[in-house]
2 protein chains.
Amino acid sequence: MKMIPDGSVDLIFADPPYNLQLGDGLTRPDQSTVDGVNDAWDQFGSFAAYDAFCRAWLSEARRLLKPDGAIWVIGTYHNIFRLGSIIQDLEYWIQNDVVWVKTNPMPNFRGTRLQNAHETLIWAARGKESRPTFNYHSLKTANDDLQMRSDWTFPLCTGQERLKNGGKKLHPTQKPEALLHRILLGTTNPGDLVLDPFFGTGTTGAVAKRLGRHYIGIEREAAYIDAAAERIAAIEPEAAEMVTPMPSPRREARIPFGRLVEDGLLSPGTVLYCAKRRYRAKVKADGSLATPGATGSIHKIGAHLQNAPSCNGWTFWHVERQGRLLPIDTLRQTVRAQMASMAS
Amino acid sequence: MKMIPDGSVDLIFADPPYNLQLGDGLTRPDQSTVDGVNDAWDQFGSFAAYDAFCRAWLSEARRLLKPDGAIWVIGTYHNIFRLGSIIQDLEYWIQNDVVWVKTNPMPNFRGTRLQNAHETLIWAARGKESRPTFNYHSLKTANDDLQMRSDWTFPLCTGQERLKNGGKKLHPTQKPEALLHRILLGTTNPGDLVLDPFFGTGTTGAVAKRLGRHYIGIEREAAYIDAAAERIAAIEPEAAEMVTPMPSPRREARIPFGRLVEDGLLSPGTVLYCAKRRYRAKVKADGSLATPGATGSIHKIGAHLQNAPSCNGWTFWHVERQGRLLPIDTLRQTVRAQMASMAS
DNA sequence: AGCTGTGATGAATCAACGT
DNA sequence: AACGTTGATTCATCACAGC
């Protein structure tokens with residue numbers, strides 16, 4: 001980075017080491033081993049060491065940004081708070097934080113925490129007075145004419161897109177091109193210069209080339225450099241107007257049963273009945289159903305009472321309203337309708 | 001907070017202010033006055049003052065948590081990075097960060113940035129060795145039997161739930177009860193003590209009372225205190241049996257395998273099989289399993305035969321009953337049921 | 001060609017208890 | 001405090017084999 005002159009870069013995308021500090025030997029319920037990130041480049045002795053490292057590269061990054069330049073960084077709770085604080089301390093000016101909601105995250109295999117289903121990005125201008133590029137209408141058009149939100153839904157980088165070496169992943173943390181696509185489309189113009197100081201397998205370069213942006217990549221590992229060069233060489237630049245639109249980030253809202261209780265549509269203690277009132281169960285505050293001898297989800301309890309292998313609790317269970325039985329699926333549709341009307 | 005004794009609180013929920021107005025007599029919790037800031041140092045001064053304020057209350061919060069206590073904080077990109085860094089510096093141990101995805105966020109009217117459509121929560125234990133309450137099965141059941149993720153979708157607090165004063169909203173950032181409902185259901189037990197040091201209009205207290213949790217609220221503004229008191233007084237607590245978490249298999253009474261032999265549910269010499277009948281072993285009178293070349297516990301022999309580091313023998317091994325394979329875990333449940341009926 | 005079942009895998013701070 | 005034993009625990013997606 002020291003070779004790059006002051007004020008010469010339009011945008012920086014940085015995916016720095018996350019400082020994960022993992023234990024070893026995590027196994028799945030089927031006894032297979034989880035291939036965690038234990039590379040040497042992710043080892044830092046302390047928060048102080050990690051902070052010093054990040055302050056150094058973030059400070060240098062700011063030097064070489066143009067006055068209206070901006071930076072994106074990505075991380076998880078292990079490091080994103082360090083990054084965000086340092087960015088603020090260095091007098092960058094945060095525009096937004098963005099959450100990448102993963103459609104297919106790895107589960108928490110031990111049932112000890114919530115499933116870690118998102119990563120966080122920070123978009124910051126070089127300073128408070130900067131006017132960074134923001135293609136508001138491009139993003140709005142890509143989002144079915146709705147203003148682009150700060151939560152972005154994408155799958156992990158898997159399948160053909162994931163670079164492999166002898167059948168195994170080449171890089172532990174390759175980012176999806178769709179993520180970079182939205183970032184570069186939204187916050188750079190064609191011909192801009194994009195810098196990625198943690199280039200890895202070159203996702204930033206690949207997307208920049210395809211979208212007609214110039215790029216500089218910095219990487220330490222020779223194996224990654226070679227793979228990135230080969231990957232980018234195969235990219236055919238596209239005319240900006242030919243770029244395929246991104247899939248809509250909106251998905252059909254999945255409403256779990258517990259949500260009806262959280263929203264107050266069903267209060268704890270309410271009795272649910274099957275259509276013929278042959279079976280009954282009580283709603284608990286955590287969204288489980290209780291019958292004498294068993295407690296569980298609407299599906300589990302429905303199956304249990306009928307002695308069936310499975311059951312769709314949404315259609316099986318009913319709530320009494322004005323003397324008549326109403327399927328709880330109707331309440332779910334109420335929630336969906338509320339969400340839709342509020343969003344519009 | 002200084003009046004609350006050490007190690008007396010199970011959970012803290014904190015929604016701290018971030019739009020601190022400096023220079024109008026702001027004092028730190030230790031009563032020292034925050035220095036006025038001049039223009040040149042304004043930005044740095046703001047962050048430094050905010051950091052000092054948060055370090056003070058987060059430090060005090062940690063003092064009064066029980067050893068296995070935990071804290072939730074909520075914020076936006078203006079303050080969440082400061083909060084997260086301080087939480088890590090104070091040697092809390094982050095469990096997850098959670099994003100509250102808003103179904104109906106306020107638009108960005110000027111079109112200069114992305115729509116701010118989420119807020120961030122941090123869930124942290126008092127320390128690395130803490131074992132905070134986590135009702136994994138309650139959350140999983142409420143989520144239609146899928147592990148609860150770190151992205152939570154809720155609407156803003158609006159409509160009847162939003163406290164008003166002469167038609168205008170009483171508090172600028174009243175949180176939805178549904179959010180607190182999920183937090184308290186997932187990370188406290190009935191009877192726990194919950195502290196909210198920025199009580200506002202008392203959402204934490206209202207949900208805590210409804211769910212059978214005790215609470216302490218701290219608030220400076222008299223108008224909020226009055227509104228919160230009135231609000232909470234109108235709350236009717238749910239029945240006790242409706243607010244208990246799903247039973248956890250980890251808390252069930254431990255039944256040693258030998259107990260099945262002692263109780264005559266398995267006689268010595270019985271052959272056990274894995275689900276696919278690929279492995280087999282014989283039950284010995286002392287409750288060990290014997291295979292050619294090895295003898296040991298159901299877990300040890302299961303791991304040994306599969307060449308795995310470990311194995312849950314209760315689910316791995318099956319006994320033949322009427323030509324079909326029955327998991328020995330079923331026999332353990334029989335013993336547990338007998339114990340429960342004798343105890344009652 | 002199309003369907004079905006099996007196996008692999010992804011930025012993960014991933015256990016509790018008795019001796 | 002350290003160590004060994006018991007035993008609880010996974011979702012979405014893709015590749016590939018088999019039919």
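Residue numbering restarts at 1 for every chain, and letters A, B, ... go by the order of the sequence lines.
Here T76(A) lies out of heavy-atom contact (under 4.0 Å) with every strand. Here G75(A) lies out of heavy-atom contact (under 4.0 Å) with every strand. Backbone-only engagement by N116(A) is indicated by non-hydrogen atom pairs under 4.0 Å involving sugar-phosphate atoms exclusively. P176(A) comes within contact range of no nucleotide atom at all, as no heavy-atom separation falls under 4.0 Å.
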Could you give me the CA-CA distance, side-chain angles and deciding distance for D151(B) and H118(B), then say whether side-chain hydrogen bond (donor to acceptor under 3.5 Å, both in side chains) is met?
CA-CA 10 Å; D151(B) 56 313; H118(B) 75 278; over 6 Å; no

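In this structure, Q115(A) places its CD atom 14 Å from C1' of dA11(C), rounding to the nearest Å. When the C1' atom of dA16(C) is taken as reference, atom CZ of F134(B) falls 17 Å away, rounded to whole Å. Put simply, CD on Q174(A) is 13 Å from C1' on dA11(C), counting in whole angstrom units. Counting to the nearest Å, the P atom of dA12(C) and the CG atom of D39(A) are 12 Å from each other.
Taking the charged nitrogens against the carboxylate oxygens, D15(A) and K175(A) do have a contact shorter than 4.0 Å, which makes a salt bridge. Between R277(B) and E320(B) there is a salt bridge, since a side-chain N of the basic residue sits under 4.0 Å from a carboxylate O of the acidic one.
Scanning residues 295-303 of chain B for heavy-atom distances under 4.0 Å to DNA chain C yields an empty list.
Comparing H171(A) and R131(B) against DNA chain C, the residue whose closest nucleotide sits nearer the 5' end is H171(A). Taking the nucleotide of DNA chain D with the nearest heavy atom to each of P155(A) and Q31(A), the more 5' of the two is matched to Q31(A).
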Filtered N/O pairs between nucleotides 7-10 of chain C and protein, under 3.5 Å:
unit_1  : atom_1 : unit_2  : atom_2 : d
dG10(C) : OP2    : K169(A) : NZ     : 2.7
dG10(C) : O5'    : K169(A) : NZ     : 3.3
dG10(C) : N7     : R28(A)  : NH1    : 3.3
dG10(C) : N7     : R28(A)  : NH2    : 3.0
dG10(C) : O6     : R28(A)  : NH1    : 2.4
dG10(C) : N2     : N104(A) : O      : 3.3
dG10(C) : N2     : P105(A) : O      : 3.2

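Ring to ring, F198(A) and W57(A) are close: their centroids are under 6.0 angstrom apart. Remark: aromatic rings of W152(B) and W100(B) are distant, center separation not under 6.0 Å.
With sequence neighbours excluded, no residue satisfies ring pair (Phe, Tyr, Trp, His ring centres under 6.0 Å) with Y77(B). Looking at residues two or more places apart in sequence or on another chain, you find a ring pair (Phe, Tyr, Trp, His ring centres under 6.0 Å) between Y50(A) and F44(A).
Here the separation of dG7(D) from dA12(C), taken at their P atoms, is 29 Å to the nearest Å. Separating the C1' atom of dA11(C) from that of dA15(D) is a span of 23 Å, rounded to the nearest Å.
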Dot-bracket, 5' to 3', for DNA chain C please: Watson-Crick or G-U pairs under 3.5 Å, [ ] where pairs cross earlier ones, | where the partner sits on another strand, dots elsewhere.
.|||||||||....|||||

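Boundaries of the chain B contact region on DNA chain D are dT5(D) to dA12(D), first to last in 5' to 3' order (nucleotide atom under 4.0 Å from a heavy atom).
Between R82(A) and S85(B), the shortest heavy-atom distance links the atoms NH1-O, 3.3 Å.
Annotation for N307(B): atom CG does not count as buried by contact number, only 12 or fewer foreign heavy atoms lying within 6.0 Å.
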